[in-house]
Amino acid sequence: MKNVFYGMVILSVTLLAAPYEAVNAQEVVVENDIGVGSRAMGMGGAHIAASNDLSALIYNPAALARIDEFEVQFGLNLLRRNTDTYLISSRGTGHASAETDFSGLGTIGAAYPVPTNRGSLVFGIAYNRVKDFSGTLEIDGYNDYLRGYQKGESIEEGSLGIVSVGGAVDVSPNVSVGASLDIWLGDYKRDNRSLLNDYDNPYSQLDFTGSDDDITAWSFKPSILYFKDKFRFGAYARLPMTFHIDESYYSEGYSRDDGSYFTLYEYIDPTSPYTDDEVTYTDNIDYKVKAPMQMGFGVSWGDVGNVVAFDAVYENWTQAKLKYPSDYIPEPNYFKNKYRSSLSWRVGAEKTIPMIGVIGRIGYQHNPVLFKGPRGNDPNAPRIEVTNDRDYITVGLGKQFDPSLRMDVAYIHGFWSQKEPPREDEETHDRVFVSLTYHVDLFK
């Protein structure tokens, strides 16, 4: 009976939420990008060549050289995430929907142009929230694999931000070079709760799993920008980097076959007889994720306020590696077997509307889903079929209120879907970016 119970604990957790293996923050550091900068996101994130503000530290540090005034920027991010989960079975389709809201600091920093006799020399420092992990997933329906009615909830919290220090300099009349040193700091927490009730047989099971991760890393990103008349070309290479993850995790399981059934949020009395089959496991592990190089290039045409732009970014996560403590045996070739390479692209434009003194923006962004599965260590577990990669439609507005103060707003709607038998997931994101930029010529 216990062997069956152990197996069902593992399977039910796998079917409820993201992969809960001995390590589970891989997806956190690979995906969940939210974008940076209100002007940039209004243009779909196409900013490697078109950048003209502090967000250049993220998109293309060489573009800092095009800032000609002292600049301070402050931005807020708002997120609403909705996930619909369908459980397909012989007894019909179960459906559950979960919604998550978040608001918080997105950007804060400053850029300083150094007085020069020729060309441009600019330094910048900023904090940007680049990944957001806030989300809730729910499941409710009959599960043919587990032969029972399954109900569960997975709650994720946390974020990953970058403290960037960078600079750029003109090396010729039409070429700037730059680089940024980025310090990554963040945390990720997940709590899963899964209930399985078999009403055809007197069996009930309640599982709790979760993790709490601290994430740190640093990266270096050299870049270049070519500009002539209205044409710009930009490129960067974020060199291979290593995420350090300190993870605490737990697992608890309870089962009973006396004809009574648990509820999802039932208090478990330690003196109850059904605790005899309890499985409790807690541990801590420090490990590393060695991330591959990321390369990006972009082109733009036009002047600020009237420009079109296109970006492409490539990274191959099949080359990534996991580094575990010597006393832990990892799954060989984890990233090679379970992830794919990706080429994401972004296109955007902005146009000044003279009659009202406002800049309008529009854009589109395509980001492939990188995790292909299967989840867990079972080679026979189903792989993920991505029916729609992550696509985003973006719009934005910019307004210069006086010579020193500018406000930018962007709205982003994202959507994607995937199948992982017996589950099918559909997810939408709605994000709002708001930023204020103060700029002044200190050397007039």
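Small disclaimer: the values here were computed from a predicted structure and weren't measured. Atoms considered below: every heavy atom in the structure, side chains included; atoms not considered: hydrogens, waters and symmetry mates.
- Using modelled atom types and a 3.5 Å distance limit, the side chains of Arg66 and Ser176 yield a donor-acceptor pair.
- Taking the charged nitrogens against the carboxylate oxygens, Glu156 and Lys189 have no contact shorter than 4.0 Å, which rules out a salt bridge.
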From CA spacing to verdict: side chain to side chain contact (heavy atoms under 4.5 Å, CB included), Glu31, Phe371: CA-CA 9 Å; Glu31 306 195 75; Phe371 183 75; 4.1 Å; yes
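- In this structure, Leu239 and Pro222 approach most closely via the heavy-atom pair CG-CD, 4.3 Å.
- With hydrogens and angles left out, the side-chain atoms of Asn128 and Thr107 include a donor and acceptor closer than 3.5 Å.
- Between Ser154 and the choices Thr83, Thr136, Asp191, Asn192, the side-chain hydrogen bond (donor to acceptor under 3.5 Å, both in side chains) rule is met once, by Asn192.
- Closest heavy-atom contact between Ala46 and Gly348: CB-N, 3.9 Å.
- Neither side chain, Ser248 nor Asp212, offers a donor N or O lying under 3.5 Å from an acceptor on the other.
- If you check the side chains of Arg39 and Asn52, you find a donor sitting under 3.5 Å from an acceptor.
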Stepwise side chain to side chain donor-acceptor pair (under 3.5 Å) test for Ser120 and Asp170: CA-CA 5 Å; Ser120 176; Asp170 288 342; 4.6 Å; no
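- Minimum interatomic distance between Ala168 and Ala62 (heavy atoms only, all atoms of both residues): CB-O, 3.5 Å.
- Crowding of Lys372 atom NZ: a count of heavy atoms from other residues, nucleotides or ligands under 6.0 Å exceeding 12.
- A side-chain donor from one of Trp184 and Ser219 sits under 3.5 Å from a side-chain acceptor of the other.
- Residues Phe133 and Tyr188 bring their aromatic ring centres within 6.0 Å.
- Residues Arg190 and Ser211 have side chains that never bring a donor and an acceptor to within less than 3.5 angstrom of each other.
- In this structure, the salt bridge (Lys or Arg N to Asp or Glu O under 4.0 Å) partners of Arg361, at least two apart in sequence or on a different chain, are Glu350, Asp408.
- Between Ser51 and Asn60, the side chains place no donor N or O within less than 3.5 Å of an acceptor N or O (distance only, hydrogens not considered).
- Across all their heavy atoms, Leu105 and Gly75 have their closest contact at CD1-O, 3.6 Å.
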Side chain to side chain donor-acceptor pair (under 3.5 Å) evaluation trace for Asn316 with Thr318: CA-CA 5 Å; Asn316 186 357; Thr318 66; 2.5 Å; yes
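- In the model, Gln294 has a side-chain atom that pairs as donor or acceptor with a side-chain atom of Tyr236 under 3.5 Å.
- A donor-acceptor pair shorter than 3.5 Å can be found between the side chains of Asp53 and Ser55.
- The closest side-chain donor-acceptor pair between Tyr254 and Glu252 falls under 3.5 angstrom.
- Residues Thr387 and Ser417 bring a donor and an acceptor atom of their side chains to less than 3.5 Å of each other.
- A salt bridge links Arg81 to Glu427: at least one charged side-chain nitrogen sits closer than 4.0 Å to a carboxylate oxygen.
- In the model, Gln400 has a side-chain atom that pairs as donor or acceptor with a side-chain atom of His439 under 3.5 Å.
- Checked for salt-bridge contact, Asp311 and Arg346 meet the test: a charged N lies under 4.0 Å from a carboxylate O.
- Considering all non-hydrogen atoms of both residues, Leu54 and Glu71 come closest at N-OE2, 2.9 Å.
- A donor-acceptor pair shorter than 3.5 Å cannot be found between the side chains of Ser159 and Asp132.
- Classified by interplanar angle (parallel below 30°, tilted 30° to 60°, perpendicular above 60°), the ring pair Trp317/Tyr339 is tilted.
- In terms of heavy-atom proximity, Met43 sits nearest to Ala50 at CE-CB, 4.3 Å.
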Verdict with reasoning, Asp246 to Tyr287, per side chain to side chain donor-acceptor pair (under 3.5 Å): CA-CA 7 Å; Asp246 180 7; Tyr287 66 99; over 6 Å; no
